[in-house]
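Here's the structure, in structure tokens; my notes come after.
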Amino acid sequence: MMRNRRTDSASRVIHSSIQTIYQAFLNPEALISWLPPQGMTGTIGKFDPVEGGFFNITLTYEEATSIHGKSSENTDAIQGKFLELVPNKRIVQAILFASDDPAFSGEMIQSWVLEPVSNGTKVTVVCENVPEGVTKEDHDVGLNSTLENLATFTE
């Protein structure tokens with residue numbers, strides 16, 4: 001039975017150039033410094049930023065929390081594929097959570113859209129087919145935290 005999956009999104013104007021922001025997605029050291037939401041750290045295994053290229057990221061909760069990781073007690077392991085890379089415009093990724101819990105199964109499509117605005121770049125992240133185990137509230141907090149980190153990293 002196919003469940004209805006929701007779409008979550010967040011956006012923020014970042015006072016930096018589109019080129020700087022786009023490059024922050026392609027450099028693994030840069031990416032892992034801003035991608036983990038507040039309270040988490042990350043490591044990158046495989047990282048091949050080309051269309052059709054794969055990546056593996058593990059996010060770890062820094063301290064005990066009421067939120068349990070999707071892959072283990074305190075981690076979220078992510079396998080991803082770059083579906084589309086349009087320089088300085090859009091990054092589309094397919095994301096799979098490594099989890100035995102069916103609430104986190106299925107492929108989530110994450111699109112990052114970069115638009116020039118007068119005072120920088122509007123960055124919008126859209127997550128389609130969000131697994132039901134990811135609550136809207138937690139996802140909104142995480143997405144906004146990541147956008148704040150991206151702003152801090154690039155501004």
Side-chain angles (χ1 to χ4, degrees), residues 2-44 46-61 67 69-71 76-99 103-155:
M2 187 68 177
R3 297 180 195 102
N4 287 334
R5 297 283 184 105
R6 69 174 196 278
T7 298
D8 294 342
S9 66
S11 63
R12 177 185 179 123
V13 172
I14 297 177
H15 307 290
S16 188
S17 73
I18 280 181
Q19 294 82 1
T20 297
I21 293 170
Y22 186 77
Q23 287 305 312
F25 280 90
L26 300 183
N27 177 311
E29 291 81 19
L31 180 71
I32 206 61
S33 73
W34 63 262
L35 184 68
Q38 183 175 357
M40 298 187 89
T41 59
T43 57
I44 292 182
K46 184 176 177 74
F47 190 77
D48 186 18
V50 298
E51 286 189 9
F54 291 92
F55 59 90
N56 296 347
I57 296 174
T58 301
L59 301 176
T60 303
Y61 291 94
I67 301 170
K70 297 166 192 67
S71 306
D76 293 349
I78 299 161
Q79 298 172 337
K81 181 178 181 182
F82 291 99
L83 300 179
E84 192 177 349
L85 289 168
V86 181
N88 306 319
K89 291 192 184 313
R90 183 173 53 252
I91 297 143
V92 182
Q93 305 164 326
I95 307 281
L96 288 171
F97 294 105
S99 179
F104 297 109
S105 67
E107 184 177 77
M108 180 174 75
I109 304 299
Q110 188 173 65
S111 303
W112 295 85
V113 179
L114 311 178
E115 301 171 88
V117 292
S118 62
N119 55 347
T121 304
K122 181 179 179 186
V123 179
T124 302
V125 56
V126 178
C127 299
E128 301 171 79
N129 197 32
V130 177
E132 64 186 21
V134 178
T135 68
K136 177 150 179 49
E137 296 74 22
D138 287 345
H139 209 202
D140 288 346
V141 167
L143 293 174
N144 283 298
S145 177
T146 294
L147 286 169
E148 183 176 331
N149 294 343
L150 178 59
T152 300
F153 182 80
T154 58
E155 290 179 343

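Not measured: the values here are computed from a predicted model.
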Inter-residue atom distance [X].[atom1] - [Y].[atom2], 0.5 Å rounding:
X	Y	atom1	atom2	value
Leu83	Ile95	CG	CD1	9.0 Å
Ile18	Gln23	CD1	CD	12.5 Å
Thr146	Arg12	OG1	CZ	11.5 Å
Phe55	Lys81	CZ	NZ	11.5 Å
Phe153	Thr20	CZ	OG1	9.5 Å
Phe104	Phe97	CZ	CZ	8.0 Å

Closest heavy-atom pair and its distance - [X], [Y]:
X	Y	value
Ala103	Pro131	O-CB, 3.3 Å
Tyr22	Val86	CE1-O, 3.5 Å
Trp112	Leu35	CZ2-CD1, 4.5 Å
Ala30	Ser33	O-OG, 2.6 Å
Gln19	Asn88	CA-OD1, 3.4 Å
Pro36	Asn149	O-ND2, 2.7 Å

Within-4.5 Å side-chain heavy-atom neighbours: [X] and [Y]:
X	Y	value
Glu107	Leu96	yes
Leu114	Lys89	no
Glu84	Ser111	no
Asn129	Ile109	no
Thr154	Thr121	no
Leu147	Val123	yes

Does Glu51 CD have over 12 foreign heavy atoms under 6.0 Å away?
yes
Could you give me the CA-CA distance, side-chain angles and deciding distance for Asp8 and Arg6, then say whether salt bridge (charged side-chain N to carboxylate O under 4.0 Å, His left out) is met?
CA-CA 7 Å; Asp8 294 342; Arg6 69 174 196 278; 2.9 Å; yes
Could you walk me through whether Val126 and Val113 satisfy the side chain to side chain contact (heavy atoms under 4.5 Å, CB included) test, starting with their C-alpha distance in whole Å, then the side-chain angles of each, then the deciding distance to 0.1 Å, before giving a yes or no?
CA-CA 8 Å; Val126 178; Val113 179; 5.6 Å; no
Describe, in one word, how the ring planes of Phe47 and Phe82 are oriented to each other, choosing from parallel (under 30°), tilted (30 to 60°) and perpendicular (over 60°).
perpendicular
Would Ile14 and Glu155 count as a side chain to side chain contact (heavy atoms under 4.5 Å, CB included) here? Give the steps.
CA-CA 7 Å; Ile14 297 177; Glu155 290 179 343; 3.7 Å; yes
